[in-house]
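One-based numbering, in listed order, for ligands and for the atoms of each.
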Amino acid sequence: MAHNPLAPEWLSPPADANTLADGLWPATAQRAEDGAITIGGVSAPDLAARFGTPLYVVDEADVRTRAADLRTAFDTEFARIGTSVRVYYAAKAFLSTDIARWMVEAGLNIDVCSGGELAVALAAGVEPGRIGFHGNNKSRAEIDQATRVGVGTIIIDSPIEIERVAEAAVRNGVVQNVRLRVNSGVHAHTHEFLATSHEDQKFGVVFEDAPALVAAIRAQPSLAFLGLHCHIGSQIFGVDGFAESASRLLTLHTELLAGGPVPELNLGGGFGIAYTSVDDPTPARRLAAGLADIVAAECASRGIPVPVIAIEPGRVIVGPAGVTLYEVGTTKPVRIGENTRLYVSVDGGMSDNARPALYGAEYSVRLADRVSDAPAALVRVAGKHCESGDIVVNADYLPGDVAPGDLVMVPATGAYCWSLASNYNYLGRPAVVAVLDGGARVIVRGETIEDLLARDAGVSDAAHEATATRSTDNMKETTR
Ligand code: LLP
């Protein structure tokens, strides 16, 4: 099939528009004999029939394996250089109590960045000592709660916080472990990194200010300084940005050793994943090996002991293990000059995946209920919101006979989709279903119209009752 000039440069027409590209789909995703996609042994049509669409589907085995494999990779590579690693799952990527428990069972800790995320982790039964608390504007109440419940570490993000955390620790009778988030000046984007000497952004403290701030932390008897923290960005491929950042941090780390112990170094998260067939992220094992080599070399050249390393990956653990299932409502060929793009509108959109609208993120799509040998057509999957930027998949090829009633699946939606979901246009946020070994269960139920009206103080009891009746009539099984 010829390249459609309306397609972006990177997108080539596929040999077969039914193929599930390697590295893009959950580990258990495959085509069944009838052509439908199955995940965790459950077919897309079954999921749609039982739980409705749109639907977030998470491959439980894949999430657990990704978490465990990442931990093993980092454990092994850093053991090689004589130290250990604490892996914190960045809960902002996707958090529910089940997911928190899967992480703990895989030996990970949890990084939270709000009282809400902390509450979910605690509700999951995560031992507070395994939790790291982030945020550039933690409220006094959040700091108080974090110290009271005994979170393992608080990451100090500004000079003002030193006293706030110290006071809360005194009030709650604890000595609080803290890290100091610094701005290394390294900013990584997918394929390159940028190193600046000064950073104009809200996170972390200015690099040069760190020694004085660490001295201030050490002067507080209610605080125990663990080490520096730095997060250089997200969706990063390769190790160069991490290498530059680790090198800068270890210079500072070495300077701080003169004033007292610095047992740990936290290199943050940001490991990238594939969203399209041309994305080629660095595998976890190679990242771990690369980072370990850099840390070992930088420590050796400075003559300092290798600290305990902490990392905070989010996307790489849950992103590829999740998909979103939609039903097609309308299709519409749109001619632009000589060429045609087929708009395929689905029953969700920017409320369940804000990333294309927010970041221009690219995704991929496949028919989920059947295969077809119809010639492939360039499609744009649009949502149902009243906004032209409401795009789910900017460009991919689907069999050209895609039609209303078809199910389509978008892979790699496990991170920053559910967690960024909204109620724009009063759409309810979809349910999350975990699939495993042929079974499917709701781990977060979807929102009903009733849920959406529940907070509106002007809705009468009679209107609530009428909506309740209507919404049970309209909605599927247990999710809504
Ligand atoms: N640690 C810190 C301090 C962070 O700020 C973040 C992400 C992470 C760890 C985890 O990064 P990950 O490994 O998931 O890349 N909403 C954006 C991503 C924002 C990331 C914010 N911080 C997106 O959808 O691309």
Considering distance alone, does some N or O of [X] sit under 3.5 Å from an N or O of ligand 1?
X	value
R181	no
H229	no
H134	no
G314	yes

Considering only NZ, NE, NH1 and NH2 on the basic side and carboxylate oxygens on the acidic side, decide whether [X] and [Y] come within less than 4.0 Å.
X	Y	result
D396	R366	yes
R80	E77	yes
R164	E142	no
D144	R140	no
R101	E105	no

Does ligand 1 have a heavy atom under 4.0 Å from the side chain of [X], from its backbone, from both, or from neither?
X	answer
E312	both
Y359	side chain
D111	side chain

Return the residue, atom name and 0.1 Å-rounded distance of the protein heavy atom closest to [atom].
atom	result
atom 18 (C) of ligand 1	R315 NH2, 3.6 Å
atom 15 (O) of ligand 1	S234 OG, 2.4 Å
atom 20 (C) of ligand 1	Y416 OH, 3.7 Å

Margin query: Within a 6.0 Å radius of atom CZ on R86, are there more than 12 heavy atoms belonging to other residues, nucleotides or ligands?
Written below: no
Next item on the list: Could you tell me if the ring centre of H231 sits under 6.0 Å from that of H134?
Entry: no
Notebook entry, point to check: For atom 25 (O) of ligand 1, which candidate among K92, Q235, H231, R355 provides the closest heavy atom?
Noted result: R355
Check: Can you find a non-hydrogen atom of P313 under 4.0 Å from ligand 1?
Finding: yes
Margin query: Taking only non-hydrogen atoms of G270, do any sit less than 4.0 angstrom from ligand 1?
Written below: yes
Margin query: Side chains of R302 and S247, heavy atoms from C-beta outward: is any pair under 4.5 Å?
Written below: yes
Checklist line | Contacting atoms of ligand 1, where contact means under 4.0 angstrom from a heavy atom of A90 | finding: 8 (C), 9 (C), 10 (C)
Notebook entry, point to check: For I155, does its backbone N or O pair with a side-chain atom of K138 as donor and acceptor, under 3.5 Å?
Noted result: yes
